[in-house]
Each structure stands twice: as structure tokens, then as C-alpha cells.
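Presented below is the structure to which this report refers.
No hydrogens, no waters, no symmetry mates; every other heavy atom, side chains included, goes into these values. Keep in mind it's a predicted model, so treat the numbers as computed, not measured.
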Amino acid sequence: PQFSPVTRYLDSMDRHVRFLRKEFRDLRRIHSRGAWGLQQAGEHLREEVLQARMVPAESVFQGFRKIVRDLARDEGTEIEFTAEGLNVQADRLVLQALKDPLMHLLRNAVTHGLEAPADRRGRGKELAGAILLRVRSQGNLLRITVVDDGCGVDWKAVAEYAVRHRFLSQEEAESAPPETLSRLLLLPGFSTCRMVTDLAGRGMGLSGIAETVKRLQGSVELRSTGNAGTTIEITVPIAVSTHRLLIVESAGQRFAIPAAALQSLIRVSMGQIETVEGKS
């Protein structure tokens, strides 16, 4: 009997704990529903904002046909210009930012990339040069490609210029593949008037294009084969209103890295971390 007050107290505490547990489950369920509702509302709002800014590429690039036609007339050449995928939708801000760079690429292709009719005949090509503008969407990325069937880039001249202006050593230039040399063409200050003559204008302005694309968190790739033309592909996020980010923490600070800037993620165990000069 002397323990009955303790027993009643423990029973009361047990009921209280069960009550608190039930309250906690109810609160957690309410919180989960609220969080899910906010997430759905946020996603819905994001989609509405994105759709409001999404427009077909043709609404911004529709003047390119006339530009190419006028340039061909001024150069006295025939050009077959083909545009594909202009119905692809993307953020208007992205398309507007790429309008001038693409116009520059098309102008270079017409005035410098394509050979004169007599030269094309001598190389066994059709007299009319071909230029292709292709727009594609791939997931959250927009890919825009400009292709011409002109003379292509003279990689030997690029390597000589790189050595002459100390971008590369003689040994590096001799073994450098076209992929390495193409990246040099995108560097500021690489092109000069002489390079424009040697490379049919391929160096001029590419650094400005690369900088514009970089601001959009995109990339530029240039490929060229002798006498088979040049391909330039621009890859950018399809919209700038939202970005996928990787959140990392270091030394108590958090950093957000754009997903478009990531090449790979590597998991490193603590045993693989080495200390150099007192720092990990």
C-alpha cells in the first residue's frame, strides 16, 4: 500500500506521455501537410512564372533569314540557309541574350566561313554554300548549333599564332589537338587582324560570344574539319528564372554551386584526406 501513490503517479505520467506522443504525431502530420502544400504552391507558381517567360525561338530569331539573305546578296554568293527547331520554347531573356552572338556567328559564316563560288567549284563543292541553324531542348538545357560547309579552321595557322604570341610553347603546339586549339580561339585577345585573314575571321568576336554564354552559365564548343566546314554549339540553361544548385558546407560556411558548372561529384573517405603544410 505504501507504494500506491507512486503507482498512481507513474500511471498518470504514462497517460501524459501517451497524450504527448499523440499530440506530436498530429502536429507532425499537420506540419507535413503544410510543407507539402507550400511545396506544391511554390512549384505551381514557379511553373506559371516560367511559362509566362517561355516563348518560341522563332519570336526572337525570325530576322535571321533576312540577315543571311542580305549578306549573301552583298557578298555576291548563293547560300542555302536552313533553320531547324525554331518552335522550341525557351526563356525570352536567354534568347534575347543569345541573339547578337548568333547574329555574329551567322555573319562570320557568310562573309568569312564560306568560300567564293570559284573556290568551292575547285574543291568539288556545290556552288551554293550551306548554313544550318539548329535549336534543340534537352532537359533543362538549350542547345543552339550553327554549321557551315565552308573551308573550316586552319589549325596549323592557329597553332603558329599561339606560339608566336606565347599562348603555347612550340612543343605544346606541335602536339595540341584541335580541341585544345579551339579553346584558345575563345580567349580574349587571341584574335588579331592578321588572324582574321589567316583563319577566315574565325577568331574575331568568339571571345565576346564565349563571355556572353558564360554569364548565362553555359558553354561554347567549336569543331572544324579542313574543307568540311565549322560547327559551333552553344549550350545554356533553358531558363534563367530558376537554377539548380548544389549546397556545400566548408568551415562552417555554406556555398551554392550552379549545377551547370559541375563536371562530376566524387565521394572521398576521411582516410583519403591528406594534410599538406598543416591544412587538409
#### Entry: Side chain proximity check, L93 to R53, heavy atoms < 4.5 angstrom
yes
### Minimum side-chain heavy-atom gap L245-I257 below 4.5 Å
no
### Query
Would you say L114 and T77 make side-chain contact, with heavy atoms under 4.5 Å?
no
#### Entry: CA sep, side-chain torsions, deciding dist, call: L168, L184, side chain to side chain contact (heavy atoms under 4.5 Å, CB included)
CA-CA 10 Å; L168 296 175; L184 293 179; 3.6 Å; yes
#### Entry: Ionic contact status for E126 with R120, cut-off 4.0 Å
no
### Query
Should R107 and L71 be marked as a side chain to side chain contact (heavy atoms under 4.5 Å, CB included) after you check the CA-CA gap, both sets of side-chain angles, and the distance that decides it?
CA-CA 7 Å; R107 185 180 296 113; L71 287 171; 3.9 Å; yes
### Query
Is any side-chain heavy atom of V60 less than 4.5 Å from a side-chain heavy atom of Q96?
yes
### Task
For K125 and G150, indicate whether the former's side chain and the latter's backbone hold a donor-acceptor pair under 3.5 Å.
yes
### Query
Is a donor on one side and an acceptor on the other found under 3.5 Å between the side chain of T145 and the backbone of I234?
no
### Query
Hey, mind stepping through S219 and T235 against side chain to side chain contact (heavy atoms under 4.5 Å, CB included) and telling me if it holds?
CA-CA 5 Å; S219 61; T235 303; 3.9 Å; yes
### Query
Got a sec: does the CZ of F19 have more than 12 other heavy atoms crowding it under 6.0 Å?
no
### Under 3.5 Å side-chain donor-acceptor pair for S269 and Q272
yes
### Message
Please evaluate residues V110 and F81 with respect to the criterion side chain to side chain contact (heavy atoms under 4.5 Å, CB included), reporting the C-alpha separation (whole Å), side-chain torsions for both, the decisive distance (0.1 Å), and the verdict.
### Response
CA-CA 10 Å; V110 174; F81 177 67; over 6 Å; no
### Message
Check for me, please, whether L222 and L142 land in the same ILVMFWY cluster - side-chain distances under 4.5 Å, paths through other members count.
### Response
yes
### Query
Any side-chain donor paired with an acceptor under 3.5 Å for E174 and Q170?
yes
